[in-house]
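These values consider heavy atoms only, across backbone and side chains, with no hydrogens, waters or symmetry-generated copies.
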Amino acid sequence: MAACFVLTGAYAQTAQQDELLKILKNEIDRGMAFYQKADIPVYLISYRVDEVETYNISTSFGTLTNSTPSKERTLTIQVRVGDKELDNYRELRDDASAWINPRSTRITLPLDNDPKAIALALWEATETEYRNAASRYEKVKANVAVKVEAEDKSPDYTSITPVQYYEKPIKMSDFKFDIPAWETRLKNYSAQFADNKDILDGESTFTFRVERKYFVSSEGTSIAQNNTSTRVFLSVMAQADDGMELPLHQSYFAHIPQDLPDDKTMMKDAQEVANVVVAMKTAPVVDPYAGPAIMSNDAAGVFFHEIFGHRIEGSRLKKETDGQTFKKKVGEVVLNKDLSVILDPTITTYKGIPINGSYKYDDEGVKGEKVVVIDKGVLKNFLMTRTPIDNFPKSNGHARAQAGFQPVSRQSNLIVETEKPYTDAQLREMLIEEAKKQDKEYGYLFARVTGGFTVTGRFMPNSFNVTPLEVYRVFVDGRPDELVRGVDLVGTPLAMFSQVEAAGDTHGNFAGMCGAESGSVPAGCCSPALFVKQIEMQKKDKSQNRPPIMERP
């Protein structure tokens with residue numbers, strides 16, 4: 001206990017020396033002392049500061065096009081008026097123009113810790129946010145008075161126990177990565193794309209991001225935490241004679257540059273990507289299809305993220321405009337009983353795989369928690385913020401937002417686990433057997449996807465669209481797999497979930513950026529491959545422009 005007290009005291013002393021943290025706390029105290037006595041009293045003010053240092057390298061066809069550092073410091077303010085039962089963040093029903101979350105409040109702060117300059121920026125921004133909050137609160141009260149009783153009776157905000165957490169600042173110079181060496185590596189990767197004139201665009205990019213996040217609230221929470229991420233993208237694009245553009249890429253993620261794959265691996269992958277995209281030029285175009293398919297482990301992660309992950313975000317389930325697909329299904333079987341789905345921001349790797357949606361505290365100052373959402377097929381939980389829903393009154397630390405946006409429930413690291421793992425060969429046998437049962441000549445293998453989108457509202461069909469990049473026909477008669485193009489994977493969530501039959505034995509990794517109401521946030525998806533008895537595909541939209549008339553140099 002003595003050692004623990006010494007450690008805590010050391011951290012507290014270090015936090016007191018953080019100039020930016022002191023300025024934020026002082027202005028919070030000053031603001032609350034004033035706005036609590038305003039005509040429409042404030043009950044909470046919070047300041048989020050995202051201090052981001054980035055290094056970007058880009059190359060195209062073997063030449064360096066960009067190699068630059070950047071640094072910015074962005075402020076996001078939240079002002080809540082009224083009380084926790086009813087405040088200015090209540091949904092304005094039947095008022096599509098009144099959404100809060102898409103409204104950016106991005107404010108650039110000085111990089112130097114000049115108390116006067118930063119205090120002035122905080123004062124000006126807080127004054128603006130208070131006026132917006134007070135105006136909207138009046139609209140909320142009027143909206144409640146004239147609308148029918150809300151389906152969800154929970155309050156607008158919940159109380160928490162304030163926390164103090166501090167990590168010493170880090171900066172990019174702490175991580176000794178060799179910029180000239182990475183410039184050379186990336187030029188070598190994209191140079192391989194220059195060798196084939198069928199490739200119209202061939203690039204490689206590197207981004208190293210060092211982030212320091214501050215959160216201070218009038219409730220007494222004070223957090224300073226760090227995060228790092230590194231990404232490399234190898235991207236190519238060709239165009240078929242019918243005008244269809246054919247993008248393909250390979251991506252890598254690590255927390256620091258030293259943990260990325262070695263040069264030999266990336267060179268090999270760059271050549272593979274080039275070969276596949278050229279083969280896609282003459283691949284047959286797929287017609288609409290319904291039947292069995294296998295999703296590779298990388299593709300399956302995106303599949304779960306899009307068709308399921310967004311539908312278990314608690315903030316969304318509170319909205320009367322949302323389809324609320326799973327809100328009333330807690331305790332019911334919603335997925336194959338061999339499968340479980342977990343969201344866990346507390347881990348940085350899974351089975352040795354570096355994952356992208358990790359953090360210690362969310363953007364409301366709540367500690368991130370591991371959440372078992374589906375346990376052996378049964379729905380158990382949702383991703384919650386301090387905005388509760390009926391029967392789920394407590395945050396589990398999943399309030400997230402891009403700098404300048406207000407936080408809502410968002411996914412962190414989505415992990416799919418299975419009680420009965422199957423090898424790739426066994427999944428392939430299942431696919432062929434099921435295709436024969438359905439009297440199909442072939443099934444499909446989705447090898448690589450780029451992302452997708454989903455619609456969760458009631459005003460449009462509750463559907464999803466996942467965008468495959470590399471797809472193969474798997475023939476039941478033993479013929480070699482055939483590369484195809486021009487396909488989108490579409491469907492509705494409940495129907496698709498009911499068709500998931502089996503999962504593989506090796507996890508993939510989709511480390512992407514997810515865009516939604518609160519902007520773009522990092523998200524990790526680790527899933528084994530999936531065998532699905534029935535999927536639906538539609539033809540992909542394509543460009544009507546002809547390929548270049550003149551051959552590229």
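Under 3.5 Å, the side chains of Thr207 and Asn56 contain a donor-acceptor pair of N or O atoms. For the residue pair Glu203 / Ser60, no side-chain donor-acceptor distance below 3.5 Å is found, with atom types taken as modelled. In this structure, a donor-acceptor pair under 3.5 Å is present between the side chains of Asp344 and Thr346. A side-chain donor from one of Thr59 and Ser190 sits under 3.5 Å from a side-chain acceptor of the other. Gln324 and Arg316 form no side-chain donor-acceptor contact under 3.5 Å, judged by distance and modelled atom types alone. Of the N and O atoms on the side chains of Asn188 and Gln192, not one donor lies less than 3.5 Å from an acceptor on the other residue. No side-chain donor-acceptor contact under 3.5 Å links Tyr89 and Glu91. For the 3.5 Å distance criterion, the side chains of Ser518 and Arg410 qualify, holding a donor opposite an acceptor.
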**Message:** Is there a side chain to side chain contact (heavy atoms under 4.5 Å, CB included) between Leu109 and Thr74? Walk through the geometry before answering.
**Reply:** CA-CA 6 Å; Leu109 286 183; Thr74 305; over 6 Å; no

**Message:** Set out, in order, the CA-CA distance, both residues' side-chain angles and the distance that settles salt bridge (charged side-chain N to carboxylate O under 4.0 Å, His left out) for Asp363 and Arg400, then state yes or no.
**Reply:** CA-CA 5 Å; Asp363 290 321; Arg400 307 187 67 200; 5.6 Å; no

**Message:** Is there a side chain to side chain contact (heavy atoms under 4.5 Å, CB included) between Glu211 and Glu51? Walk through the geometry before answering.
**Reply:** CA-CA 6 Å; Glu211 183 178 40; Glu51 188 174 278; over 6 Å; no

**Message:** Tyr444 vs Met537, test: side chain to side chain contact (heavy atoms under 4.5 Å, CB included). Steps then yes/no.
**Reply:** CA-CA 10 Å; Tyr444 279 95; Met537 302 188 322; 3.5 Å; yes

**Message:** With salt bridge (charged side-chain N to carboxylate O under 4.0 Å, His left out) as the criterion, how do Arg485 and Asp242 come out once you've worked through the C-alpha distance, each side chain's angles and the decisive distance to 0.1 Å?
**Reply:** CA-CA 12 Å; Arg485 62 185 173 94; Asp242 60 7; 3.1 Å; yes

**Request:** Step by step, work out the side chain to side chain contact (heavy atoms under 4.5 Å, CB included) result for Val471 and Val286.
**Result:** CA-CA 10 Å; Val471 183; Val286 173; 5.7 Å; no

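By the neighbour-count criterion of 12 heavy atoms within 6.0 Å, atom NZ of Lys327 is densely surrounded, having more than that number from other residues, nucleotides or ligands. Atom NZ of Lys370 is surrounded by 12 or fewer heavy atoms from other residues, nucleotides or ligands within 6.0 Å.
His310 contributes atom NE2, which lies 4.5 Å from atom CD of Glu306 (distance to the nearest 0.5 angstrom). Interatomic distance, CG of Leu483 versus CZ of Arg473, reported as 10.5 Å (0.5 Å rounding). Between Leu343 atom CG and Gln411 atom CD the span is 6.0 Å, to the nearest 0.5 Å. The distance from atom CG of Asn356 to atom OG1 of Thr348, rounded to the nearest 0.5 Å, is 11.5 Å. Rounded to the nearest 0.5 Å, atoms NZ (Lys281) and CG (Asn196) are 8.5 Å apart. Note: Asp362 CG to Glu364 CD = 5.5 Å, rounded to the nearest 0.5 Å.
Shortest non-hydrogen contact noted between Thr76 and Ala403 is OG1-C, 3.8 Å. Scanning all heavy atoms of the two residues, the minimum distance from Val521 to Ala401 falls at CG1-C, 3.7 Å. The two residues Ser412 and His398 make their nearest non-hydrogen contact at OG-NE2, 2.9 Å. Nearest heavy-atom pair across Val484 and Tyr472 is CG2-N, 4.4 Å. For Cys525 against Val302, the heavy-atom pair with the smallest separation is CB-N, 4.5 Å. Here the closest non-hydrogen pair linking Phe510 and Val449 is CE1-O, 4.1 Å.
Under a 3.5 Å cut-off, the side chain of Arg448 and the backbone N or O of His249 do form a donor-acceptor pair. Proximity of a side-chain donor or acceptor of Asn413 to a complementary backbone N or O of Gly357 within less than 3.5 Å is detected. The backbone N or O of Asn297 sits nowhere less than 3.5 Å from a side-chain atom of Ser527 that would complete a donor-acceptor pair. Not a single donor-acceptor pair under 3.5 Å links the side chain of Glu434 to the backbone N or O of Val532. Within the 3.5 Å criterion, the main-chain N or O of Lys533 finds a donor-acceptor partner in the side chain of Gln438. Of the possible polar contacts, none joining the Arg231 side chain to the Ala254 backbone as a donor-acceptor pair under 3.5 Å is found. A donor-acceptor pair is defined here as one N or O able to donate and one able to accept, closer than 3.5 Å; no such pair exists between the side chain of Thr349 and the backbone of Gly352. In this structure a side-chain-to-backbone donor-acceptor pair under 3.5 Å is present from Glu53 to Met172. The main-chain N or O of Ala529 is never found under 3.5 Å from a side-chain atom of Ser296 such that the two would form a donor-acceptor pair. Between the side chain of Asp338 and the main chain of Lys420, no donor-acceptor pair closer than 3.5 Å is present.
Under the 4.0 Å criterion applied to side-chain N and carboxylate O atoms, Asp477 and Arg479 are assigned as salt-bridge partners.
Geometric assessment of Lys71 against the ring of Tyr55 yields a negative cation-pi assignment under the 6.0 Å and 45° thresholds.
Under the 4.5 Å side-chain criterion, counting only non-hydrogen atoms from C-beta, Phe446 is not in contact with Ile294. Looking at heavy atoms from C-beta onward, Leu469 lies in side-chain contact with Pro247 at the 4.5 angstrom threshold. With a 4.5 Å cut-off on side-chain heavy atoms, Leu494 and Thr325 count as touching. Side-chain contact between Val52 and Val210 is absent, with no heavy-atom pair separated by less than 4.5 Å. Contact check for Met384 versus Val371: no side-chain heavy atoms found under the 4.5 Å cut-off. Looking at heavy atoms from C-beta onward, Asp269 lies in side-chain contact with Tyr252 at the 4.5 angstrom threshold. Leu339 places none of its side-chain heavy atoms less than 4.5 Å from the side chain of Glu417. In this structure, the side chains of Phe382 and Ser409 stay at 4.5 Å or more apart for every pair of heavy atoms.
By the side chain to side chain donor-acceptor pair (under 3.5 Å) test, Arg428 pairs with Asp481, sequence neighbours left out.
For residues 473-506, the set of pairs meeting the ring-ring contact (aromatic ring centres under 6.0 Å, His included) definition, not counting sequence neighbours, comprises Phe304-Phe497, Phe308-Phe497, Tyr442-Phe475. Sorted pairs that involve residues 528-553 and meet ring-ring contact (aromatic ring centres under 6.0 Å, His included), not counting sequence neighbours, are lacking altogether.
You'll find the ring centres of His507 and Tyr350 inside the 6.0 Å limit. Taking the centre of each ring, Phe175 and Phe208 come in below the 6.0 Å mark.
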